[in-house]
Amino acid sequence: MAVVEINNVFKTYHDTEVEVKAINGVTLSFEKGDFAVIVGPSGSGKTTLLNLVGGLDQPTGGEILIAGHRLSELRSSELIDFRMDHVGFVFQSYNLIPVLTAAENVGFIMNLQKWPKEKRMARTDELLSSVGLADRHKSRPSQLSGGQQQRVAVARALATHPEFILADEPTANLDSKSAESLLDIMEKLNHEEGMTFIFSTHDTRVMKRAHRVITLEDGKVVSDEIRTE
Amino acid sequence: MITAIAWKNVWRNKTRSLIVIAAVTIGVFAGIFSMAAINSTVVQRIDAAVNEELSHIQVNNKDFRKSTDIQNVISDYQGVVAALESTPGVTKVTGRIIIRGIASTAIKSAGVEITGIDVEKEKEIFTISEKLIPGTGSFFETDTKFNTVFIGEKLAKELNIIRYIITPESIIILTDEGVPTDIISKVGTLQGQRFVSDKKFIKACEKILEPSEMEKYEWKIKEAAWSYREGSKIVLSFLDINNNQTGAAFRVSGIFRTNNDMFESLSLFVPMDELRQLTGMEKGAFHRVIARLENNDITNSVTPVIREKLVDYEVLNWKEIQPDLAMITDFIEQIYGVFMALILAALAFGIVNTMLMSVLERTRELGMLMAIGMNRRKIFIMIMLESIFLSIVGGFAGMAVSEVVITITGKTGINLVKYSEGMEAIGYSAYLFPTIDTQFFITTTILIVLTGILSAIYPARKALKLSPVEALRGE
């Protein structure tokens, strides 16, 4: 079953007199367990497409369905809840909450969803262990390396069992070792738990690991390559 | 969770938050303390007016205030006293004879209001006997065959009973007071000279001392040179019961000092019997009956009760006799309103500025929070709470500092002796004892929190307008 269905989606920006078609008729679908990367030169529409799939932005044409929900039918407030329940986000610059510890960052969305404390703590422990940070519960983001922060971000994204994780250039700010380590964790989660990952990246290290590489140019899909192991 | 994050966010930029908190603290302290100081002048003035000059209620013959004719007496003194004493809230009652006259010495004369008093009862109702300047005699305690009078320092100066003379004793006083020896030796050059007014004495001092020295030691030098010859005589002239000019020499029994120059220069007190004898007034005749109440606060409720009982007389409370006092209280409240509005406006701008900076600095973070599922209501609440915390911490710190300073200065007093001449001319003390009631603290706290909430609205709305897409944009 398709987790994400993108049907003939357009996104057009009107910049004074110029009309910019950031996404120009994209049709794609992502299945559960996909480990897919969206690649393409700068300005090709990768981030815009990710924003549309994540429900952060609305398309100007076409429709997007996530787990059977039509995003265009959701109101702004419903979209926020929808994102919280169905989508995990990993950002390029980690974007952890600096005043919270690693454990509090991971537990943040569970807290918003009012999980009972014990269940929340158990899930936090489980997630921090799975990203190799079992001993860094009480560390603030400023006390963690970039790679460690990104691993906390992955744990946070996974916390509420989303349908899929959108990762926008997750390795862009990491050194090789940290990037490989992060990808190992993501790959493992994909293999063992069937978690769906959709990346936008320029990073060849991510591309090498992907099972599916979608190339965008000028807002259009120019290739959609599925790799067999 | 939101509350915890908001609290932690306040301390993210410690320096900035501390600056805002310090600003709030100083603002609140400035507001409360200055109000406490202003309030104290009013409270002291009202206390002085009630305790030394007016008491709470005065009952007069209906025509007495229009015409202070000696004949305008209270017709049924005993009846009035009984009506007052039976009124709940009234604690003490006494009668007075009041006559206009002239006080004179060989050199000068002045118009005065001569009040005939029952010395013992007067002590129970008024504190004027406690205002006796040490060394000037007593409140009618000396057994003498002469008529006696208790007069104010200001009148004593006007009549040249008080003089300024630098004597060897003055030098000792100044030395004890810690005045530097060079100043004392300069002042010593005035030894032996008599100054009949403080103006002349000050002028002489100004010739030998630097302005800065005068500013610092003028008060001490004046006190040390203050000289009074006990038992000085003055002549009081007035009309008797038959409207004939009469008068007699009175020995000054004592000199009182209050904070009200006008009262000091106009009012003098004479034992009732002496005045009766000189005026020919009958034993039961009084011009005014004075009633003391349990406290100031019941004045408004007790007045109509007495007025109803004594319809044939003029019944006035202290607020009606001196409407300026009541007016000043209202005026102070208005000043407080303006003052607090200014402080709160400054506070609001400070908070808006800080919170706006804080929101703009955190654009990406706030966008990320929206992206991962924190709704706009929670973002709004978080920013509001941050601002409220800043206001509350600063507000409470300001109140704590105010409480400490008001408690200390309420005991030690604030010395405004430099301005005593001006202040005492209008009846205010040169020593302030700041005081404020709990209600004021509560009102101020509420106003501060309200300001914090209102100031947070604009930055919080700004935060709501942020797009979560920002969070996914590259650096």
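Every chain is numbered from 1 and lettered A, B, ... according to where its sequence line falls, protein lines coming before strand lines. Any value given below was found using the heavy atoms of this structure, including those in side chains, with hydrogens, waters and symmetry copies removed. Here the structure is a predicted model, which is why all the values come from computation and not from measurement.
With a 4.5 Å cut-off on non-hydrogen atoms, A/Gln113 does not touch chain B at all. Proximity to chain B (any heavy atom under 4.5 Å) is shown, for A/Phe82, by neither the backbone nor the side chain. For A/Leu79, no part lies under 4.5 angstrom from a heavy atom of chain B. In this structure, chain B has a heavy atom under 4.5 Å from the side chain of A/Ile109, while its backbone stays farther away.
Across every non-hydrogen atom of B/Arg376 and A/Ile80, the tightest pair is N-CD1, 4.2 Å. Taking each heavy atom of A/Ile97 and B/Met368 in turn, the nearest pair found is CG1-CE, 3.9 Å. Scanning both residues, A/Leu56 and B/Pro468, for their nearest heavy atoms gives CD2-CB, 3.7 Å. Contact between B/Val469 and A/Asn51 at its shortest, heavy atoms only, is CG1-ND2, 3.2 Å. When all heavy atoms of A/Phe89 and B/Ala371 are compared, the pair lying nearest together is CE1-O, 3.3 Å.
Within residues 22-39 of chain B, no residue has any heavy atom under 4.5 Å from a heavy atom of chain A.
A donor-acceptor contact shorter than 3.5 Å links the side chain of A/Arg83 to the backbone of B/Met370.
With values rounded to the nearest 0.5 angstrom, A/Leu112 atom CG is found 7.0 Å from B/Ile372 atom CD1.
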